[in-house]
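Worksheet: the structure to be examined is printed underneath.
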Amino acid sequence: MLNETAYALGSNRSCIRDLFEYGRQRAAVVGPENVYDYSLGNPSIPSPPEVNQTILQVLQDTDSLAVHGYTSASGDYDTRKAISDDLNRRYQAQTRPEDFFLGCGAAPELVSVFRALAVPGGEVLAIAPYFPEYQPFVQEAGLTFRAVPPDVPDFQISLEAVAQMLNPHTQALILNSPNNPSGVVYTRQTLQALADLLNRKAGEYGHPIYLISDEPYRELVYGGAEVPFVPHIYPDTVICYSYSKSLSLPGERIGYVYVCADAADSGRLLAAIAGAARGCGHVCAPSLWQKVIARCAHLRPDLQSYDRNRRALYEGLTAMGYEMAKPDGAFYLFIKAPGGDAQAFSDRAKEKDLLLVPGDGFGCPGYFRICYCVSYDMIQRSLPVFRDLIQGA
Ligand code: PLP
């Protein structure tokens, strides 16, 4: 006998992966230059050169047993201190190394946080459009996943919708800004209003409602957009951070969970997150990468090529009549499907070897996502195809 939920999760391939595989097959047939693949969010800028240099330095100047050995489950103190110092410098924050738990990227960190908050009947809210994996993560933790309808067309947060869905069973709300798939950055004003609402409701229910701030795109912002440090606005916050996008290290699996010391029950919450991770088989984050991050926590990505892509697409597509919210962060655009049916539009695009992800999986039908971690040349070649599609050709 098998666990059927696990089987379903493992055997139903994601639509994004399917499109990506399809793109590879088509490239072999029609040539890679004739396929315009906007499906997968794999970083396309190299890690800062200091990262690779640091790997070599660590290998040279650190005892091999220490480099490759187990660390404590919450991670090397020096690494947590470097991350804490960097955040304190940037945000005038007062984080402490003991407030951090080093994890293997945002995905397993989120899983641990959901499991730590899993009480019978508990619910978690996610604001549409949202990262599709939240749903299985929350449900597998034993919580109920509930999607808050999108704030169309700006994709900030509809407070009325959140207010309607909050109830005494609400354990947490997931926040993801800069957002996958919309590219939108929630403004300080939006976050402040959300915090006021959550404070009011938490007071009414007599228990905290945690904000789980999923921040793999925190450093990916353009044109000076502000990404506020959420715990300053709402102390009952847990940050799940990852170096997958900020340092282009998605295959290395390194990040951290931060629980603000001022959060309700912060000590017990962090212990429960560590315990939940343990229950999922967490031993420690990769040791070599902990040592690299201890020396690289201050590095930021060079965003020039993402920004050039973003502007080329945003300006090019809006001039053709496509509609989308202003993409100030991450590396995605979330575009209203002409005709209203995103699946039908994506199918038409696919016939022209233009690969777009329909928004249904993000909890937002009628829109499609494009990921602009691609070459500038591909964007230029794809623009006439977008024009043909909107003109119905
Ligand atoms: N959260 C969001 C919003 C993402 O887009 C991703 C990856 O694309 C993740 C979490 C998982 O990232 P990680 O590689 O850190 O597990």
Side-chain angles (χ1 to χ4, degrees), residues 79-103 106 109-110 113 116-117 124-127 148 151 155-159 162-163 166 170-180 184-203 207-243 245-246 255-270 273 293 297-300 328-330:
T79 311
R80 290 182 283 135
K81 169 111 176 53
I83 295 168
S84 169
D85 288 348
D86 181 58
L87 288 173
N88 293 349
R89 222 179 0 255
R90 289 171 72 193
Y91 298 110
Q92 289 78 50
Q94 264 137 27
T95 72
R96 308 166 308 169
E98 52 269 40
D99 303 331
F100 292 82
F101 179 86
L102 301 187
E109 291 156 14
L110 288 162
V113 176
L117 294 175
V124 172
L125 304 186
I127 297 150
V148 179
D151 175 40
F155 293 122
Q156 291 286 315
I157 299 174
S158 160
L159 289 185
V162 177
L166 286 169
T170 311
Q171 286 283 84
L173 185 144
I174 312 168
L175 203 67
N176 169 224
S177 173
N179 183 265
N180 174 11
V184 162
V185 178
Y186 296 144
T187 63
R188 180 175 284 278
Q189 201 187 3
T190 296
L191 296 175
Q192 189 60 62
L194 178 68
D196 292 346
L197 173 64
L198 294 181
N199 277 325
R200 206 172 64 241
K201 290 288 183 182
H207 65 75
I209 302 169
Y210 292 102
L211 261 185
I212 302 172
S213 188
D214 177 25
E215 304 189 356
Y217 303 99
R218 188 206 289 147
E219 330 302 349
L220 274 56
V221 275
Y222 314 97
E226 184 199 15
V227 181
F229 187 61
V230 181
H232 281 169
I233 298 174
Y234 189 73
D236 288 350
T237 290
V238 179
I239 292 177
C240 293
Y241 186 83
S242 162
Y243 294 94
K245 318 287 171 165
S246 60
Y256 62 80
V257 180
Y258 165 70
V259 176
C260 179
D262 294 336
D265 234 0
S266 57
R268 278 170 46 80
L269 175 57
L270 197 56
I273 293 166
I293 294 299
H298 62 285
L299 294 180
R300 301 289 166 258
D328 286 328

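Both backbone and side-chain heavy atoms feed into the values below; hydrogens, waters and symmetry mates do not.
Not a single donor-acceptor pair under 3.5 Å links the side chain of D151 to the backbone N or O of S158. No donor-acceptor distance shorter than 3.5 angstrom exists from the side chain of D99 to the backbone of T95, with no hydrogens or angles considered. The backbone N or O of L117 lies less than 3.5 Å from a partner atom in the side chain of Q171, making a donor-acceptor pair.
Rounding to the nearest 0.5 angstrom, the gap separating the CZ atom in R96 from the OG atom in S84 is 9.0 Å. Atoms CD1 and CG, on I212 and L125 in that order, are 10.0 Å from each other to the nearest 0.5 Å. In this structure, L211 CG and L198 CG are separated by 5.5 Å, a value rounded to the nearest 0.5 Å. In this structure, D196 CG and L159 CG are separated by 9.0 Å, a value rounded to the nearest 0.5 Å. Taken from CG in D265 to CG in L270, the straight-line distance is 11.5 Å, to the nearest 0.5 Å. Residue L173 holds its CG atom at 8.5 Å from CD1 of I209, rounded to the nearest 0.5 Å.
Closest approach of A202 and P208 over heavy atoms only: CB-CA, 4.2 Å. Pairing each heavy atom of N180 with each of N176, the nearest pair is N-OD1, 3.0 Å. Between S242 and A106, the closest heavy-atom pair is CB-N, 3.6 Å. Between Y186 and S177, the shortest heavy-atom contact is N-OG, 2.9 Å. In terms of heavy-atom proximity, P235 sits nearest to A263 at O-CB, 3.3 Å.
For K201, the NZ atom is densely surrounded, since the number of other residues' heavy atoms within 6.0 Å is greater than 12. Other residues, nucleotides and ligands contribute only 12 or fewer heavy atoms inside 6.0 Å of the CZ atom of R268. Environment of CD in Q192: crowded, with over 12 heavy atoms of neighbouring residues, nucleotides or ligands closer than 6.0 Å.
Side-chain contact between V238 and V257: present, with at least one pair of heavy atoms (C-beta onward) separated by less than 4.5 Å. Using a 4.5 Å heavy-atom threshold, the side chains of K245 and L220 count as touching. V162 places a side-chain heavy atom less than 4.5 Å from the side chain of L197. You'll find the side chain of I157 stays beyond 4.5 Å of the side chain of V148, heavy atoms only. Side-chain contact between V113 and L110 is absent, with no heavy atoms from C-beta onward closer than 4.5 Å. Between Q92 and N88 there is no side-chain heavy-atom pair separated by less than 4.5 Å. The side-chain heavy atoms of I83 and I293, taken from C-beta on, include a pair separated by under 4.5 Å. Within the 4.5 Å cutoff, the side chain of L191 has no heavy atoms near those of the Y234 side chain.
Using a cutoff of 4.0 Å between basic side-chain nitrogens and carboxylate oxygens, E98 and R80 are not scored as salt-bridged. Between K81 and D85, at least one side-chain N (NZ, or NE/NH1/NH2) sits under 4.0 Å from a carboxylate O, which counts as a salt bridge.
Checked against R218 for a side chain to side chain contact (heavy atoms under 4.5 Å, CB included), the options V230, I239, V185 give a single hit: I239.
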Open item on the list: T79 vs L102, test: side chain to side chain contact (heavy atoms under 4.5 Å, CB included). Steps then yes/no.
Closed with: CA-CA 9 Å; T79 311; L102 301 187; 3.6 Å; yes

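No side-chain donor-acceptor contact under 3.5 Å links Y258 and S213.
Classified by interplanar angle (parallel below 30°, tilted 30° to 60°, perpendicular above 60°), the ring pair F100/Y256 is perpendicular.
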